[in-house]
Amino acid sequence: MEDSLTITVLMSTTVGIGIGAQVIARYLQIPSIVFLLLLGLALGSSGLRWIDPSLLGSGLEVIVSLSIAIILFEGGLSLQIRDLRSVSISLRNLITIGVAITLVGGAIAAHTWLDFPWSIAFLYASLVVVTGPTVVTPLLKLVGVERRVATLLEGEGILIDPIGAILAVITLNIVLSGKAVPLVLSNTAIPLLILKGLLLRLGIGVAIGLIFGSLLSLLLKQSKILPQELKNLIVLAVVWGSFSLAQALRSESGLLAVVIIGIVLRAAATPDERLLRQFNEQLGILTNSVLFILLAADLSIEQLFDLGQEGVIVVLALMLIVRPINVLISTWNRGFSWQQQFFLSWVAPRGIVAASMASLFAISLNNQGMSGGDALKALVFLTILITVFVQGVTAAWIARWLGLHTNQVRTVIVGGDSFARLLSRLLQQKGEAAMLIDFDVNTTNLEPIDENPALSDRLNLEELEAEGISSFSSFLALSSSPEVNGILAQRAAELFRPDLIAILSPSPLGDGNSLSAVTPGIQAAFAPQIPLDQWNQWLDQDEAQVVELVLRSPTLEAQQAELQTLIASNNLMPLIVERNQEVRIVISNEEWQAGDRITCLLHKSADAMISLEKSPFVKVALNTSEWQMVAKTN
């Protein structure tokens with residue numbers, strides 16, 4: 001009873017600390033693995049001794065195995081096959097030729113500077129051929145880099161994990177069997193043994209992954225059979241079941257099996273796919289938090305320091321020599337610029353697979369009475385710490401320096417007419433990255449189903465993720481169809497939960513078509529009622545211009561009253577407000593404040609121009625055709 005309580009306290013403490021570290025990392029916008037490793041070291045055997053993974057016994061290996069299965073399945077589920085087509089050859093090279101280069105280069109570095117025996121040196125190199133998708137993917141989201149580069153790094157991280165793990169297990173078996181020689185390449189039997197074991201495990205993993213992935217996708221599409229609340233749990237059960245089956249047939253083949261299942265489910269476009277990805281993403285965050293803290297807590301800080309500066313040199317050689325050679329050869333003549341190759345060479349942080357395998361290998365070596373297990377584990381963790389911290393902190397700066405940085409999309413606008421295009425361009429001018437989606441709803445055949453409008457397949461917001469957009473702060477529906485706007489706003493709220501969701505109001509608020517009847521939280525954009533066709537006509541005929549109005553405190557009330565009068569007459573349409581260095585879309589019930597800088601559309605009618613000329617506003621006119629700011633006197 002006392003032992004079970006101790007383990008319960010251990011796990012609950014680990015989960016609490018791990019999730020806390022995730023929250024802090026998200027707030028500071030740095031990779032969470034940095035906090036997880038540091039907390040694990042501080043609270044483990046070399047620190048406060050609050051966390052003792054040895055209490056779990058063989059249960060630690062079970063937790064590690066099942067957790068890695070979830071992490072790799074999530075990676076496969078997030079992989080977009082169609083995005084990989086543009087980098088397929090380079091990706092193939094990275095997970096084949098690149099693995100061989102890292103294996104040989106890493107072993108030479110460990111043997112040269114740390115005097116590791118060749119067997120342990122190659123075992124170390126086999127562990128660090130992997131790059132962690134749980135580190136790479138969040139890092140790329142924070143940095144915001146060109147899509148082609150991001151796709152290659154994400155694809156490498158997901159696919160190389162099972163390959164690297166299989167390679168590491170085969171290398172371990174060779175080392176434990178005493179078949180290792182001073183240099184693997186000096187004995188042709190060893191490479192053939194490695195190749196045979198690798199192909200066998202890859203074959204089993206692919207076969208089981210394809211079979212279970214296909215059956216699971218068919219099952220998920222039978223919505224009448226499966227209760228909605230059980231779908232995610234059924235997927236989890238199948239993933240763990242197929243992983244265990246593959247592992248029983250051949251060790252480590254289950255890693256590739258779960259990746260293949262994830263890829264098959266993503267390609268099959270199963271119903272509620274996004275909900276499934278959200279569920280597995282949350283499980284992945286939980287398992288990463290627990291694993292990194294437990295594994296780091298079992299590491300001795302003294303062992304890290306025992307490596308000395310030679311250990312740091314080995315890691316730097318891996319980062320600055322081996323990785324660039326790997327990338328240069330793998331991407332040779334594939335259309336990558338030197339800037340892209342530089343970034344690909346720089347970003348290769350190691351993650352949870354390397355950490356977990358190193359911990360298990362150290363135990364295996366120690367149980368067999370072989371020396372070097374603790375030093376191997378320490379060097380792998382040192383590699384993780386240096387690559388994650390150095391590359392994680394500098395990646396954004398490197399991307400900007402190389403000109404590869406792209407602004408994260410903050411506003412998504414649905415609509416393809418002149419009004420929507422103008423708004424998108426104005427936001428871009430003000431430094432707010434915006435995406436414009438033209439669903440061409442005018443030609444969409446909307447047939448009502450059970451008195452609810454039906455959407456064309458083209459009106460699929462899930463496709464935004466295919467464009468690399470997983471989150472944004474504002475969603476604005478400006479299509480010509482009020483029904484489509486309402487449904488898209490509801491979908492955006494369910495899928496992405498942006499801070500602001502706004503649509504064009506087809507009629508004044510307060511009548512039967514009020515927005516409250518659509519979905520709580522959805523607001524009217526710009527004004528209570530907008531004659532969109534009229535404004536589009538004025539823009540097309542150059543009868544409207546963009547002006548910026550600055551509200552001043554001495555005459556704020558008069559300015560507010562005049563502004564509302566112009567809006568009510570449909571001669572002025574406020575679009576964007578800048579307040580306290582924040583840029584956002586204007587909503588209909590906007591409460592104006594002194595200092596607000598409001599970008600508006602103004603009809604070039606005589607009454608509107610005269611009214612505005614006599615107002616106390618400070619004005620700056622914008623030329624809508626040339627999109628350049630033109631000074632205008634008061």
Side-chain angles (χ1 to χ4, degrees), residues 56-79 81 95 130 133-134 158-173 176 193-222 225-226 230-268 270 273 276-277 279-281 283-284 286-288 290-291 352-353 356-357 359-361 363-364:
L56 297 172
S58 60
L60 178 61
E61 186 174 351
V62 175
I63 293 174
V64 169
S65 298
L66 295 179
S67 298
I68 290 179
I70 292 175
I71 292 168
L72 293 182
F73 169 70
E74 183 206 344
L77 193 63
S78 64
L79 197 62
I81 296 298
I95 63 177
V130 299
T134 55
I158 293 168
L159 296 179
I160 207 172
D161 264 4
I163 294 174
I166 292 172
L167 176 64
V169 168
I170 295 173
T171 306
L172 176 66
N173 290 336
L176 294 178
L193 187 62
I194 293 176
L195 182 62
K196 178 182 176 181
L198 184 62
L199 292 178
L200 179 61
R201 287 170 170 83
L202 290 177
I204 293 175
V206 170
I208 290 181
L210 288 175
I211 292 172
F212 279 88
S214 300
L215 292 175
L216 185 57
S217 64
L218 291 175
L219 184 62
L220 291 176
K221 290 180 180 180
Q222 304 301 317
I225 298 177
L226 299 180
L230 292 180
K231 286 184 178 180
N232 290 336
L233 298 177
I234 290 172
V235 171
L236 179 62
V238 171
V239 168
W240 274 345
S242 58
F243 171 78
S244 300
L245 174 61
Q247 290 290 93
L249 294 176
R250 207 71 175 183
S251 63
E252 307 314 317
S253 60
L255 300 178
L256 184 59
V258 294
V259 172
I260 297 298
I261 291 175
I263 293 175
V264 170
L265 288 183
R266 184 63 184 267
T270 57
E273 177 190 299
L276 175 62
R277 292 205 305 274
F279 174 72
N280 281 276
E281 182 180 1
L283 284 180
L286 175 62
T287 53
N288 265 289
V290 171
L291 284 186
I352 191 61
V353 172
S356 58
M357 299 291 285
S359 298
L360 298 179
F361 284 12
I363 295 174
S364 298

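Computed over heavy atoms, backbone and side chain alike; hydrogens, waters and symmetry mates excluded.
- Shown here for Gly75 and Ile158, the closest heavy-atom pair between the two residues is O-CD1, 3.0 Å.
- The nearest pair of heavy atoms linking Ser356 to Ile68 is OG-CD1, 2.9 Å.
- Smallest separation of non-hydrogen atoms from Ser251 and Val169: OG-CG1, 3.8 Å.
- In this structure, Leu236 and Ile70 have side chains that are in contact, with non-hydrogen atoms separated by less than 4.5 Å.
- With contacts defined as side-chain heavy-atom distances shorter than 4.5 Å, the pair Glu61/Leu360 qualifies.
- The shortest distance between side-chain heavy atoms of Ile166 and Leu202 falls below 4.5 Å.
- To the nearest 0.5 Å, the span separating CG on Leu176 from CG on Asn173 amounts to 6.5 Å.
- A side-chain donor-acceptor contact under 3.5 Å links Lys221 to the backbone of Ala268.
- With hydrogens and angles disregarded, a donor-acceptor distance shorter than 3.5 Å links the side chain of Ser217 to the backbone of Ser214.
- Atoms CG and CD1, from Leu255 and Ile71 in turn, are 11.0 Å apart once rounded to the nearest 0.5 Å.
- Rounding to the nearest 0.5 Å gives a distance of 13.5 Å between CD1 of Ile211 and CG of Leu216.
- Rounding to the nearest 0.5 angstrom, the gap separating the OG atom in Ser67 from the CG atom in Leu286 is 8.0 Å.
- Of all the heavy atoms in Phe212 and Ser242, the pair that sits closest is CG-CB, 3.8 Å.
- Rounded to the nearest 0.5 Å, atoms CG (Asn232) and CG (Leu283) are 8.5 Å apart.
- Taken to the nearest 0.5 Å, the CG atom of Leu265 stands 6.0 Å off from the CG atom of Leu77.
- Residues Ile261 and Phe243 fail the side-chain proximity criterion, which asks for heavy atoms closer than 4.5 Å.
- Looking at Val206, Ile204, Leu159, Ile208 one by one, the single match for side chain to side chain contact (heavy atoms under 4.5 Å, CB included) with Leu256 turns out to be Val206.
- Of all heavy-atom pairs between Val130 and Ala165, the closest is CG1-N, 4.3 Å.
- The two atoms that bring Pro162 and Val259 nearest to each other are CG-CG2, 4.1 Å, heavy atoms only.
- Although no hydrogens or angles enter the test, the distance criterion places no donor-acceptor pair under 3.5 Å between the side chain of Arg201 and the main chain of Ser253.
- Leu276 has its side chain out of reach of Lys231: every pair of non-hydrogen atoms, C-beta onward, lies at least 4.5 Å apart.
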